[in-house]
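These notes are about the structure you will find just below.
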Amino acid sequence: MVDSLNTVNVTAENFQSIVLEGSFERPVLVDFWADWCAPCRMLMPILAKLAEEYGGRFLLAKVDTEAQQALAAEFGIRSLPTVQLFKSGRPVDQFMGALPEGQIREFLDRHIPRASDDLLAQAQGLMAGGDLAGAQALIDRAHEQDPGNVRLALAELQLKAARGDVAEAQSAIERLPIELANDPEVIALRGQLRFASALEGAPSEPELVRTLSADPNDSRARYQLAAHQVVRGDYEPALENLLTLMKRDRGFEEDAGRKGMLAVFDLLGGGDLVASYRAKMMNALY
């Protein structure tokens with residue numbers, strides 16, 4: 001195959017510069033193939049077509065495994081065709097076999113930014129700053145430009161949550177496209193909605209502090225105080241309150257203290273605070 005702007009033949013000599021270093025600038029889809037492989041020949045024109053249709057949002061790199069056996073061995077290629085996607089200098093996903101075009105598009109869309117993603121990112125920034133009308137306008141523009149972007153549903157759900165439509169958002173999160181089910185932003189949003197729901201009809205934070213001063217064993221007040229703290233982003237005292245609740249009253253709302261800690265862990269995604277309180281939780285449990 002002749003090199004083009006979006007498709008290039010790769011060897012051991014240029015793999016470092018084109019694939020590993022190049023994947024820091026845009027995703028690189030590496031097709032490990034061989035001339036004797038009939039499925040490889042079926043797949044090749046589909047990948048080339050998609051590389052052109054995506055207009056440079058990823059580079060298609062072709063590796064002839066007969067000529068580049070050491071390179072194929074280095075990346076653990078056991079069957080052909082094998083297609084690996086590289087981002088930030090490493091392979092992040094792969095598929096094997098000559099998949100239909102639709103499935104390959106789904107594979108690509110999980111990893112490759114769409115033009116409308118910039119608008120959705122800007123909308124999230126406006127939501128964080130409280131400009132919900134501006135966020136709605138950007139989401140509407142993204143919908144007009146790219147109605148097939150599955151992340152539109154997530155952005156609209158985040159906007160519902162930002163508006164305080166907690167019940168509607170909780171219902172809508174169950175209707176998200178299946179490919180978003182394990183998205184970190186969706187997992188975090190589930191946690192946020194859990195605590196926002198707990199605050200419906202709850203006393204103010206100062207009232208709850210006074211209640212706990214008078215009765216430290218008031219489980220509901222402690223959980224609602226933790227919910228206030230989570231919603232305003234004060235995670236360490238929230239985790240401390242949830243840990244205390246878990247230690248004192250496992251029966252409250254079906255172990256709400258432990259489940260609440262797990263929800264905060266999902267919301268934060270990782271880091272020292274999560275590691276510290278995960279260890280504290282395990283020590284308390286066992």
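- At a cut-off of 3.5 Å, with distance as the only test, no side-chain donor of Q224 or E205 sits close to an acceptor on the other residue.
- Applying the under-4.5 Å side-chain rule to Ile, Leu, Val, Met, Phe, Trp and Tyr, the cluster around M96 consists of that residue alone.
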Under the side-chain hydrogen bond (donor to acceptor under 3.5 Å, both in side chains) rule, what do Y54 and D109 come out as? Steps first, then yes or no, please. CA-CA 10 Å; Y54 276 67; D109 288 343; 2.9 Å; yes
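- For an aromatic pair to be called close, the ring centres must be under 6.0 Å apart, and F75 with F15 satisfies this.
- Connection of V92 to L108 is established within a shared hydrophobic cluster, with ILVMFWY side chains joined at heavy-atom distances below 4.5 Å, either directly or through further cluster members.
- Side chain to side chain, N149 and D117 meet the donor-acceptor criterion of an N or O pair below 3.5 Å.
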Derivation and outcome, side-chain hydrogen bond (donor to acceptor under 3.5 Å, both in side chains), residues N241 and Q229: CA-CA 10 Å; N241 274 313; Q229 292 163 334; 3.0 Å; yes
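- A donor-acceptor pair shorter than 3.5 Å cannot be found between the side chains of S171 and E168.
- Side-chain polar atoms of Q136 and R163 form a donor-acceptor pair below 3.5 angstrom.
- Here the closest non-hydrogen pair linking P39 and A98 is O-CB, 3.6 Å.
- Here the side chains of V83 and L47 are in contact, with some heavy-atom distance below 4.5 Å.
- Scanning both residues, L120 and A142, for their nearest heavy atoms gives CD2-CB, 3.8 Å.
- Two residues are said to be in side-chain contact when any heavy atoms from C-beta on lie closer than 4.5 Å; K87 and R26 fail this criterion.
- Under a hydrophobic-cluster definition in which Ile, Leu, Val, Met, Phe, Trp and Tyr are linked whenever side-chain heavy atoms come within less than 4.5 Å, directly or via other members, M261 and L193 are assigned to different clusters.
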